[in-house]
Amino acid sequence: MEPLDELELLMEKSFGEEAALPEELFQKKLVASFPRIVLSRGTDNRYLVLAINTVQNKEGNCEKHLVITASQSLENKELCILRNDCSEPATRQMLIGTVLHEVFQKAISNSFAPEKLRELAFQTIQEIRHLKEMYRLNLNQDEIKQEVEDYLPAFCKWAGDYMHKNSSTDFPQMQLSLPSDNNKDNSTCNIEVVKSVDIEESIWSPRFGLKGKIDVTVGVKIHRGCKTKYKIMPLELKTGKESNSIEHRSQVVLYTLLSQERRTDPEAGLLLYLKTGQMYPVPANHLDRRELLKLRNQMAFSLFHRISKSATRQKTQLASLPQIIEEEKTCKYCSQMGNCALYSRAVEQQMDGSSVPIVMLPKIEEETQHLKHTHLEYFSLWYLMLTLESQSKDNKKNHQNIWLMPALEMEKSGSCIGNLIRMEHVKTVCDGQYLHNFQHKNGAIPVTNLMAGDRIIVSGEERSLFALCRGYVKEINMTTVTCLLDRNLSVLPESTLFRLDQEEKNCDIDTPLGNLSKLMENTFVSKKLRDLIIDFREPHFISYLSSVLPRDAKDTVACILKGLNKPQRQAMKKVLLSKDYTLIVGMPGTGKTTTICTLVRILYACGFSVLLTSYTHSAVDNILLKLAKFKIGFLRLGQTQKVHPAIQKFTEQEICKSKSIKSLALLEELYNSQLIVATTCMGINHPIFSRKIFDFCIVDEASQISQPICLGPLFFSRRFVLVGDHQQLPPLVLNHEARALGMSESLFKRLEQNKNAVVQLTVQYRMNSKIMSLSNKLTYEGKLECGSDKVANAVINLPHFKDVKLELEFYADYSGNPWLMGVFEPSNPVCFLNTDKVIKIFSSAGCNPSDIGIIAPYRQQLKIINDLLAHSSVGMVEVNTVDKYQGRDKSIVLVSFVRSNKDGTVNFFLNLFYIIDLPSREHESLCHILGDFQRK
DNA sequence: ACTCTGCGGAGAGGA
């Protein structure tokens with residue numbers, strides 16, 4: 001309990017309205033609901049809650065503010081603040097459930113002895129992924145430990161009851177008749193759990209259209225009279241209330257269907273409640289299975305028909321979700337209530353002939369009353385575009401092939417390798433990561449597209465071993481494929497033949513939809529973003545730097561500013577003065593990365609916390625590589641696989657390993673000690689973001705990110721800076737209709753119409769004046785300028801230029817190829833030409849091969865060029881697609897074009913190609929150039 | 001058709 005202080009008084013306005021209901025009404029309500037209730041303060045305190053308000057505190061966490069009173073007259077109001085009320089979707093019980101599952105699973109293949117159980121429990125709660133969840137939920141490690149330990153005696157009891165006994169009648173009696181038994185009179189039997197066959201068995205069943213993971217697969221003996229039946233069946237663990245409910249039992253029935261992919265029908269499963277050690281048998285009757293599959297099919301049908309085409313106007317629109325159920329109670333506790341109401345209001349209620357149960361209307365209205373019409377429209381438009389786009393991606397997939405096509409046939413497409421045998425031992429990297437080596441049955445591994453880092457699905461060649469596990473390729477050479485898999489396959493016979501299939505790209509619709517949903521929430525942060533982004537509220541700026549710059553940071557900041565050019569300095573100032581957002585237009589070669597790095601240094605010097613994000617890992621790391629030189633500590637989050645080697649030591653994984661972090665306190669210390677946190681804009685599901693709020697969020701490559709993705713990191717900061725260049729390619733959108741509806745408009749572009757939020761970086765250091773003039777005239781309205789005379793006049797340095805020139809003149813090469821002369825003439829920076837032999841000549845003229853870059857539009861073409869180079873004398877020339885070059889510099893860049901089809905046309909994609917200067921994705925500029933070129 | 005980047009996941013409980 002706290003008295004109303006200044007800050008809270010500020011909030012009083014908002015809850016004042018709710019509390020302003022006539023006092024008598026409250027009095028009546030009070031009397032009606034609690035006729036003889038005594039309100040009192042002190043030890044036996046009993047208060048009446050007059051109003052509840054959810055607010056966001058300074059740390060960005062949710063607090064519930066209750067206006068309460070202990071006086072019958074309701075006069076003396078007090079404020080009660082409920083803190084650490086963590087978000088519902090991830091709860092304490094879920095975490096405890098996960099931990100207990102793991103402990104039990106370890107115990108069943110180890111031992112249920114009390115001391116062993118305690119050891120396993122202790123180990124498990126020290127694992128970093130569980131510590132991270134505890135951090136997310138703001139829990140106390142000791143409390144969790146205690147709560148886990150409270151379950152252990154029941155574990156022991158269960159093992160004592162069901163495992164290892166002398167005679168079959170010592171096992172507990174149960175009522176279970178299997179569908180195949182056919183005798184209903186004797187359902188009594190004794191159940192013995194013989195062994196654990198598998199843990200977390202992962203099964204995909206195309207036949208039933210289901211997939212799932214089975215907690216424990218157990219070998220069970222069913223003793224009935226003198227007969228004994230052996231069955232391998234699913235055992236489902238539950239840590240919550242011992243409900244033996246229809247939901248729990250249905251889950252087990254579904255597992256009996258999954259099991260049929262691997263072995264004969266178990267006909268039944270087991271349901272074990274770990275709180276008590278009580279176990280229930282669940283027979284899988286045909287009719288139950290049939291009903292469950294019917295439900296599955298209904299669900300699948302509506303997921304498949306998320307979009308409909310209206311017959312009259314030929315317009316695509318979102319379809320209705322299955323009818324809302326008319327049960328307020330069920331909805332009350334549903335985690336999807338908000339989304340459900342939002343979709344109903346924004347989409348379904350806008351359609352002709354839509355019907356919403358009348359009882360649910362007030363609830364839907366209440367959930368969405370904070371949203372304006374513009375917000376609902378933004379939501380439904382983006383929901384439609386995202387759905388269209390994800391369906392386009394879905395159509396490109398042909399995942400059926402992986403179970404319908406034999407590996408030998410699939411290999412032709414290059415996305416599969418079959419006939420593999422597991423070699424030697426499996427190395428356990430950590431829980432859930434196992435290193436496997438595979439070799440081909442006949443020696444060499446066939447030609448394949450599979451590369452290190454690719455996600456894969458591992459199956460046995462036999463159909464019954466389909467989709468055993470997943471993981472990714474760690475290394476691949478002529479003879480061996482090394483993979484990191486989520487399950488240990490050494491339980492299977494050595495002779496098992498495996499196949500690896502490239503996993504279809506997971507077209508992520510969840511992250512953007514989640515962000516979109518969050519944007520519609522009734523919170524302070526979301527409201528602000530809605531104002532700025534949807535309603536185009538003008539961004540505000542403060543007037544004087546003195547109010548943001550701490551006195552003791554002034555010198556440092558001034559010193560850093562000295563190294564910048566004019567537009568860069570303006571950018572720094574603008575950001576510091578911003579209360580909402582700033583957009584930095586980074587034209588090609590203007591030192592975007594340096595500018596961002598400097599910005600971070602300044603913010604750091606001022607003591608601001610910064611969230612640094614970008615679209616790609618490489619762009620994030622490019623900034624961090626520069627930042628590391630200035631001794632600024634940072635924390636790099638995200639997939640370690642993709643993190644730059646020099647940045648690895650700053651990743652959470654590495655730090656946790658080197659500091660051997662095994663307690664929540666140490667983890668909290670790590671998270672709290674870092675002012676700068678860096679990750680991709682997709683990597684925002686990290687626990688740190690549910691507890692921290694940053695002063696600034698910087699998003700690099702912002703003109704390439706679609707709005708709902710770019711939104712993600714913005715929720716975790718007070719203001720944001722988008723860095724990009726809308727003249728470069730917009731976000732990639734495959735679906736034509738989605739593009740036509742505006743899906744390729746980035747947040748950067750949308751907000752750019754607020755001119756006062758924009759600063760342009762115009763001084764460039766990459767191109768000499770001739771190269772620059774191309775993009776300057778065609779795209780940048782002459783705004784670009786060279787950073788110095790040195791930049792303006794820079795030409796390629798070829799120390800052996802004269803020798804090569806002589807050589808060319810001497811041999812027939814030159815007379816046969818007169819154009820070659822022009823190519824390596826340093827004063828000739830831009831040429832269109834045939835590119836045979838060029839690299840060799842540049843190389844022999846003294847150009848370092850690593851200063852040469854080759855770009856080609858097609859992957860296969862890159863492969864061929866790479867192979868040719870590998871067999872030639874010139875090494876270390878980098879060959880890549882445009883996108884991979886990511887705004888880096890090379891002294892010489894060769895672009896290889898190709899056209900190899902019968903009608904000799906250049907396709908749409910190739911029409912968008914660019915040459916000279918190589919910031920990422922400047923295809924559009926090329927379009928201008930080529931157009932211009934052809935006209936001339 | 002081709003080009004592209006990000007993502008652990010199915011299930012942990014609740015009523």
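Computed from a predicted model, the values in this text were never measured in an experiment. By convention in this document, chain letters (A, B, ...) are assigned in the order of the sequence lines, proteins followed by strands, and residues within each chain are numbered from 1.
- Taking syn as a glycosidic angle within 90° of 0, B:dG9 qualifies as syn.
- For the P atoms, the distance linking B:dC7 with B:dG11 amounts to 24 Å, nearest Å.
- Taking all atoms of both residues into account, the shortest heavy-atom contact from A:Q141 to A:L131 is NE2-CD2, 3.4 Å.
- Minimum interatomic distance between A:L468 and A:R487 (heavy atoms only, all atoms of both residues): O-CD, 3.5 Å.
- Nearest nucleotide to the A:D215 side chain, out of B:dT5, B:dA12, B:dG14: B:dA12.
- Salt bridge A:R470/A:E503: present, at least one basic N to carboxylate O contact under 4.0 Å.
- Atom pair A:E503:CD and B:dG6:C1' shows a separation of 13 Å (rounding to whole Å applied).
- A cation-pi arrangement is found for A:K518 relative to A:F715, the charged atom lying closer than 6.0 Å to the ring centre and inside a 45° cone about the ring normal.
- When atom types are taken as modelled, the side chain of A:Y615 and the backbone of A:V699 share no donor-acceptor pair closer than 3.5 angstrom.
- Rounded to an integer number of Å, the gap from A:I199 CD1 to B:dA10 C1' is 16 Å.
- Note on A:Y615: every side-chain N or O is 4.0 Å or more away from OP1 and OP2 of B:dC7.
- One finds a side-chain N or O of A:H617 lying less than 4.0 angstrom from the OP1 or OP2 phosphate oxygen of B:dC7.
- When the ring pair (Phe, Tyr, Trp, His ring centres under 6.0 Å) test is applied to A:F208, no partner is found at least two apart in sequence or on another chain.
- Residue contacts shown for A:E236 are limited to sugar-phosphate atoms, with no base heavy atom under 4.0 Å away.
- Rounded to whole angstrom, the span from the CE atom of A:M94 across to the P atom of B:dG11 amounts to 13 Å.
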Strand DNA chain B as a dot-bracket string - pairs counted if Watson-Crick or G-U with both distances under 3.5 Å, | where the partner lies in another strand: ...............
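- A:Y472 comes within 4.0 angstrom of nothing in the nucleic acid, heavy atoms only.
- If you check B:dG8, B:dA12, B:dG6 against the side chain of A:N685, the one that comes closest is B:dG8.
- A centroid separation of 6.0 Å or more is found between the aromatic rings of A:Y280 and A:H248.
- Between A:R487 and B:dG8 there is no side-chain polar atom (N or O) within less than 4.0 angstrom of OP1 or OP2.
- Here A:K332 lies out of heavy-atom contact (under 4.0 Å) with every strand.
- The residues A:K132 and A:E652 are annotated as salt-bridged, a charged nitrogen and a carboxylate oxygen being separated by less than 4.0 angstrom.
- The side chain of A:K329 contributes no N or O atom lying less than 4.0 Å from OP1 or OP2 of B:dA15.
- For the pair A:Q653 CD and B:dG8 P, the computed distance is 11 Å after rounding to whole Å.
- When distances run from any side-chain atom of A:K241 to the nucleotides B:dA15, B:dA10, B:dG6, the shortest one goes to B:dA15.
- For the pair A:Q251 CD and B:dG11 C1', the interatomic distance rounds to 7 Å; values are reported in whole Å.
- Taking atom P in both B:dG14 and B:dA10, one finds a spacing of 23 Å when rounded to whole Å.
- Between the side chains of A:K106 and A:T124, a donor-acceptor pair is found at a separation under 3.5 Å.
- At whole-Å resolution of the value, NZ in A:K275 and P in B:dA12 are 16 Å apart.
- Spacing between atom NE2 of A:H686 and atom P of B:dG8 amounts to 10 Å, rounded to whole angstrom units.
- Atoms CD1 (A:I684) and P (B:dC7) sit 10 Å apart, rounded to a whole Å.
- Comparing A:T330 and A:R129 by the nucleotide of DNA chain B whose heavy atom lies nearest to each, the residue mapping closer to the 5' end is A:R129.
- Of the candidates B:dG13, B:dG9, B:dG6, the closest approach to any side-chain atom of A:M682 belongs to B:dG6.
- Ranking B:dG6, B:dG11, B:dA12 by closeness to the A:T616 side chain, first place goes to B:dG6.
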